[in-house]
Asks: 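Just dropping this structure here.
Every chain is numbered from 1, with letters handed out A, B, ... down the list of sequences.
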Protein chains: 2
Amino acid sequence: MPTSKDVARLAGVSQSTVSYVMSGRRPISEKTRKRVEDAMAQLAFQPNAGARALASRRSQVIGLAIPFVPDLHMGSIMEFISVIAATARQSDYDILLVTDDEGPQGLERVVGQQLVDGLIIMQVEGDDARVPVIRKLPVPSVLIGIPEDSKGLECIDADFELAGAMCVEELAQLGHETVTLVDWQDAVVRRHVNYVKRFHRGVDKAAAATGTKVIKVPGRVTIAGMEKAVTKALKETNGIPAFIAPEAANQDLLVEALHNLGLVLGEDASVVVNCSDRIAERQRIPLTTIGFEPDEVSRRAVHRIVRDLTDTTSRAHEALELIRPVLKRRKSTIRLRPQR
Amino acid sequence: MPTSKDVARLAGVSQSTVSYVMSGRRPISEKTRKRVEDAMAQLAFQPNAGARALASRRSQVIGLAIPFVPDLHMGSIMEFISVIAATARQSDYDILLVTDDEGPQGLERVVGQQLVDGLIIMQVEGDDARVPVIRKLPVPSVLIGIPEDSKGLECIDADFELAGAMCVEELAQLGHETVTLVDWQDAVVRRHVNYVKRFHRGVDKAAAATGTKVIKVPGRVTIAGMEKAVTKALKETNGIPAFIAPEAANQDLLVEALHNLGLVLGEDASVVVNCSDRIAERQRIPLTTIGFEPDEVSRRAVHRIVRDLTDTTSRAHEALELIRPVLKRRKSTIRLRPQR
DNA sequence: TTGGATTGTCGATGCGTATCGACGATGCGC
DNA sequence: GCGCATCGTCGATACGCATCGACAATCCAA
């Protein structure tokens with residue numbers, strides 16, 4: 001493997017000049033730069049990452065803490081990872097995976113070894129064991145999700161409260177006076193306390209503001225359970241029923257349950273779900289969705305950690321950033337009264 | 001951050017002794033080792049990865065080339081990644097992501113910069129653009145999937161041929177004389193030529209061996225299309241129909257289509273699909289599956305690359321390793337004649 | 001008891017890059 | 001034409017660890 005010294009020799013300059021050509025931290029004449037760049041190209045030179053990290057004390061690598069995977073819909077996690085890695089590359093960073101089975105010490109390790117310059121922590125939950133560890137680490141981190149106590153931390157998440165409100169407002173505006181919220185599954189509700197609570201708050205506020213009645217039924221795992229829950233909700237509803245299913249895992253069950261009960265989406269019932277556009281569009285009846293914009297969240301997370309690593313000036317960017325969800329109207333909702 | 005020199009000073013030994021304690025490449029007396037280890041613990045010492053890589057010429061990092069994501073079922077990709085990362089840690093390696101949007105040059109970059117010691121390439125397809133690049137790289141790599149010309153490469157994949165054969169044999173043994181293969185979607189068939197072909201070969205061989213008639217219908221994207229395909233297949237079948245759906249994306253459609261046509265799985269029809277056990281078990285009627293064992297494939301891939309990186313002796317481990325699929329009998333298949 | 005092998009430790013050096021201070025060359029205003 | 005700032009380049013050094021050769025101490029066999 002060629003080194004910068006080889007490049008220097010071939011270009012007839014000193015090694016430090018080669019370094020300055022790469023970094024641009026000192027002015028270099030056009031002539032010299034050209035010679036060096038030609039030499040680099042000719043040798044197919046690539047700077048050695050280890051040496052670079054050692055000398056500069058920065059690895060140009062960001063650690064990405066990925067969640068343990070038992071969640072049903074991990075397709076979305078993959079979307080995050082993919083976008084995060086691609087976005088990081090645009091700022092000349094690479095992504096190193098930190099899995100959960102090393103526990104929070106995994107974070108201490110990669111930071112301690114100076115393998116990474118900063119961290120992005122995915123799927124942060126209410127009382128996340130990683131949070132206290134992160135607070136002590138001497139590198140910046142950005143959390144995706146919001147822990148119970150977010151003071152002093154940089155957090156990014158979808159605006160679940162707004163999402164909840166938007167769902168209710170949309171349905172209310174369509175003319176529904178009663179809506180049923182098919183909740184997250186119990187296991188999730190207990191764990192991810194945080195964003196579920198926020199979604200509920202949004203729903204409740206919008207319900208109060210619009211005078212909508214909200215029925216909450218717990219999330220189900222089986223189709224039979226879902227049919228029972230839907231049936232119960234139907235009894236309490238006058239007129240055309242409306243459903244909100246923020247957890248993607250519930251969506252299939254809800255749609256199927258309604259189908260089995262003889263209700264046609266967009267005619268006999270309104271449904272708003274959260275799932276990827278690709279999936280929503282493929283349904284027999286394309287679903288109206290409230291999108292949590294994982295791509296946008298991912299991009300913002302990378303941009304923020306990169307900024308932390310670049311602007312050495314303004315430390316402590318404490319801030320909580322909420323990404324606005326997007327409502328996409330498709331065929332699964334029905335207008336009961338003329339648009340205001 | 002403490003360095004090995006700090007540890008040495010505190011322990012009253014030389015820096016090289018500290019290094020030998022860590023690597024074990026020279027004998028160290030019990031007493032000295034204890035003193036050094038205590039000093040390390042006291043200072044919470046962690047060796048600097050950059051310095052280590054520079055001096056030892058190995059980064060202890062494996063590059064993982066992840067596929068571009070437009071595939072529907074990317075949940076499974078996440079499973080691979082997760083297991084790969086965890087397994088790598090067990091051998092003291094970390095995982096660096098290499099996304100596809102840098103193109104094959106991404107691989108050249110991470111290797112050229114000596115960021116990684118080796119590569120695992122996921123989702124290798126018939127004429128994968130990364131393959132020619134990999135052949136030229138001066139580090140070992142392990143492919144998951146099999147390219148057209150696999151000579152001289154280390155490849156691991158599920159044994160699709162065996163899987164195809166197992167599906168047909170299972171259904172034949174249950175007493176079905178005609179089975180319908182719901183094929184991969186056209187786009188996939190054209191791209192991933194390789195494993196689709198292998199699956200077909202297995203199906204054909206087993207069909208010939210068992211005297212089973214096989215109807216092939218193309219994979220569908222819509223429920224209407226699937227219903228039509230199923231109807232057509234039913235016409236050509238005498239008695240209880242049987243279906244094989246190796247592509248996970250087709251499974252929901254197939255199950256729903258059969259349901260809509262009034263056929264009950266395990267009573268009026270047999271169905272064998274490929275999807276994760278978790279999902280298969282959750283269906284209203286738990287599905288008999290042919291599992292492609294992504295965890296096992298992932299683990300083997302890591303073990304092989306680690307071996308390549310460790311055994312510097314025996315180079316060129318060219319080998320094609322096929323992981324045996326697993327058939328799990330559930331409720332979606334029906335026995336038509338007593339077991340032999 | 002002595003020679004040679006083995007064990008345990010140290011000092012010195014190199015890995016490839018970034019960066020600092022130094023210094024000659026050039027341009028500017030007066 | 002002079003001093004002075006700016007530009008462009010070089011040499012030297014540091015970064016933290018692994019590794020090699022050297023060497024003192026210990027052990028065993030003859």
Side-chain angles (χ1 to χ4, degrees), chain A residues 1-37 39-40 43-61 92 109-117 309 312, chain B residues 1-37 39-40 43-61 92 109-117 309 312:
Chain A
M1 290 272 179
T3 71
S4 61
K5 206 183 280 181
D6 298 327
V7 173
R9 194 178 312 122
L10 181 59
V13 300
S14 75
Q15 180 268 323
S16 61
T17 300
V18 174
S19 181
Y20 286 123
V21 167
M22 290 193 286
S23 69
R25 298 177 85 88
R26 288 217 178 157
I28 297 286
S29 71
E30 201 46 52
K31 210 174 59 182
T32 306
R33 151 171 292 115
K34 179 84 169 65
R35 282 230 309 285
V36 170
E37 283 170 351
M40 283 176 162
L43 297 176
F45 168 75
Q46 312 235 169
N48 177 297
R52 194 167 246 203
L54 181 56
S56 67
R57 310 170 141 284
R58 351 188 64 241
S59 63
Q60 294 294 114
V61 174
D92 203 31
R109 183 180 61 81
V110 294
V111 170
Q113 294 185 163
Q114 293 168 66
L115 258 172
V116 304
D117 297 334
L309 295 172
T312 39
Chain B
M1 289 272 179
T3 70
S4 61
K5 205 185 282 181
D6 299 328
V7 173
R9 194 177 312 122
L10 181 59
V13 300
S14 76
Q15 181 267 322
S16 61
T17 300
V18 174
S19 182
Y20 286 122
V21 166
M22 290 192 285
S23 68
R25 297 176 85 88
R26 288 216 177 157
I28 298 285
S29 71
E30 202 44 54
K31 209 175 59 183
T32 306
R33 150 171 293 115
K34 179 82 170 65
R35 282 232 309 285
V36 170
E37 282 170 351
M40 284 177 160
L43 296 176
F45 168 75
Q46 312 235 168
N48 178 298
R52 190 168 249 203
L54 180 56
S56 68
R57 310 167 142 288
R58 348 187 68 241
S59 63
Q60 294 294 112
V61 174
D92 203 29
R109 183 180 62 80
V110 294
V111 171
Q113 293 183 164
Q114 295 168 65
L115 257 173
V116 305
D117 297 334
L309 295 172
T312 39

Asks: For A/Arg58 and C/dT17, give me the distance from atom CZ to atom P, rounded to whole Å.
Replies: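 So the CZ-P distance, A/Arg58 to C/dT17, works out to 18 Å.
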Asks: If I take atom CD in residue B/Gln46 and atom P in nucleotide D/dC17, what distance separates them, rounded to the nearest angstrom?
Replies: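 That distance rounds to 11 Å.
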Asks: Rounding to an integer number of Å, can you tell me how far B/Leu115 CG sits from C/dG16 P?
Replies: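 The answer, rounded to whole Å, is 15 Å.
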Asks: B/Val7 and B/Met40: which non-hydrogen atoms are nearest, and at how many Å?
Replies: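 For B/Val7 versus B/Met40, the nearest heavy atoms are CG1-CG, 3.7 Å.
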Asks: Not counting sequence neighbours, which residues clear salt bridge (charged side-chain N to carboxylate O under 4.0 Å, His left out) with A/Arg9? List them please.
Replies: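 A/Asp6.
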Asks: Assign a letter to each nucleotide of nucleotides 18-28 of chain D from its 5' end: B, base within under 4.0 Å of a protein heavy atom; S, sugar-phosphate only; -, no contact.
Replies: BBBBB------
Asks: B/Leu54 or B/Glu30: which one's nearest nucleotide on DNA chain C is closer to the 5' end?
Replies: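 Per heavy-atom nearest nucleotide, the more 5' residue is B/Glu30.
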Asks: Enumerate the residues from residues 5-13 of chain B whose closest heavy atom to DNA chain D is under 4.0 Å, giving them by residue number; use none for an empty result.
Replies: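 Contacting residues: none.
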Asks: OP1 or OP2 of D/dG16 less than 4.0 angstrom from a side-chain nitrogen or oxygen of B/Thr3, does that happen here?
Replies: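 For D/dG16, OP1/OP2 do not have a side-chain N/O of B/Thr3 under 4.0 Å.
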Asks: If you measure from OG on A/Ser19 to CZ on A/Arg26, what distance do you get to the nearest 0.5 Å?
Replies: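 Rounded to the nearest 0.5 Å, the OG-CZ separation comes out at 10.0 Å.
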Asks: In whole Å, I'd like the distance from the CZ atom of A/Arg57 to the C1' atom of C/dG16.
Replies: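 Taking atom C1' of C/dG16 as the reference, CZ of A/Arg57 is at 16 Å.
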Asks: By side-chain contact (heavy atoms from CB on, under 4.5 Å), which residues pair with B/Arg57, not counting sequence neighbours?
Replies: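 Result, side-chain contact (heavy atoms from CB on, under 4.5 Å) vs B/Arg57: none returned.
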Asks: To the nearest 0.5 Å, what is the distance between OG1 (B/Thr3) and CE (B/Met1)?
Replies: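 Those atoms lie 12.0 Å apart.
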Asks: Check the distance between C/dG16's C1' and A/Asn48's CG and give it to me in whole angstrom.
Replies: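 Nearest whole value for this atom pair: 6 Å.
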Asks: Could you list the residues that satisfy side-chain contact (heavy atoms from CB on, under 4.5 Å) with B/Arg25, not counting sequence neighbours?
Replies: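 Only B/Tyr20, B/Ser23 meet the side-chain contact (heavy atoms from CB on, under 4.5 Å) criterion with B/Arg25.
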Asks: By side-chain contact (heavy atoms from CB on, under 4.5 Å), which residues pair with B/Arg109, not counting sequence neighbours?
Replies: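 So B/Arg109 forms a side-chain contact (heavy atoms from CB on, under 4.5 Å) with A/Gln46, A/Arg89, A/Asp94, B/Glu102, B/Gln113, B/Leu115.
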Asks: Polar pairs (N or O, both sides) under 3.5 Å between protein and nucleotides 24-27 of chain C?
Replies:
none

Asks: May I have the list of side-chain donor-acceptor pairs in residues 10-17 of chain B shorter than 3.5 Å, sequence neighbours left out?
Replies:
{"unit_1": "B/Ser14", "atom_1": "OG", "unit_2": "B/Ser16", "atom_2": "N", "d": "3.4"}
{"unit_1": "B/Ser14", "atom_1": "OG", "unit_2": "B/Ser16", "atom_2": "OG", "d": "3.0"}
{"unit_1": "B/Ser14", "atom_1": "OG", "unit_2": "B/Thr17", "atom_2": "N", "d": "3.3"}
{"unit_1": "B/Ser14", "atom_1": "OG", "unit_2": "B/Thr17", "atom_2": "OG1", "d": "3.2"}
{"unit_1": "B/Gln15", "atom_1": "NE2", "unit_2": "B/Ser4", "atom_2": "OG", "d": "3.4"}

Asks: Indicate the atoms forming the closest heavy-atom contact of B/Leu309 with B/Arg58, along with that distance.
Replies: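 For B/Leu309 and B/Arg58, the tightest heavy-atom pair comes out as O-NH2, 2.7 Å.
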Asks: Scan the side chains in residues 47-55 of chain A for donor-acceptor partners under 3.5 Å anywhere in the protein, sequence neighbours excluded, and list what turns up.
Replies:
{"unit_1": "A/Asn48", "atom_1": "OD1", "unit_2": "A/Gly50", "atom_2": "N", "d": "2.8"}
{"unit_1": "A/Asn48", "atom_1": "OD1", "unit_2": "A/Ala51", "atom_2": "N", "d": "2.8"}
{"unit_1": "A/Asn48", "atom_1": "ND2", "unit_2": "B/Gln114", "atom_2": "OE1", "d": "3.4"}

Asks: Run the side-chain contact (heavy atoms from CB on, under 4.5 Å) test against A/Lys34 and tell me which residues pass, sequence neighbours left out.
Replies: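 In terms of side-chain contact (heavy atoms from CB on, under 4.5 Å), with neighbours along the sequence ignored, A/Lys34 is linked to A/Asp38.
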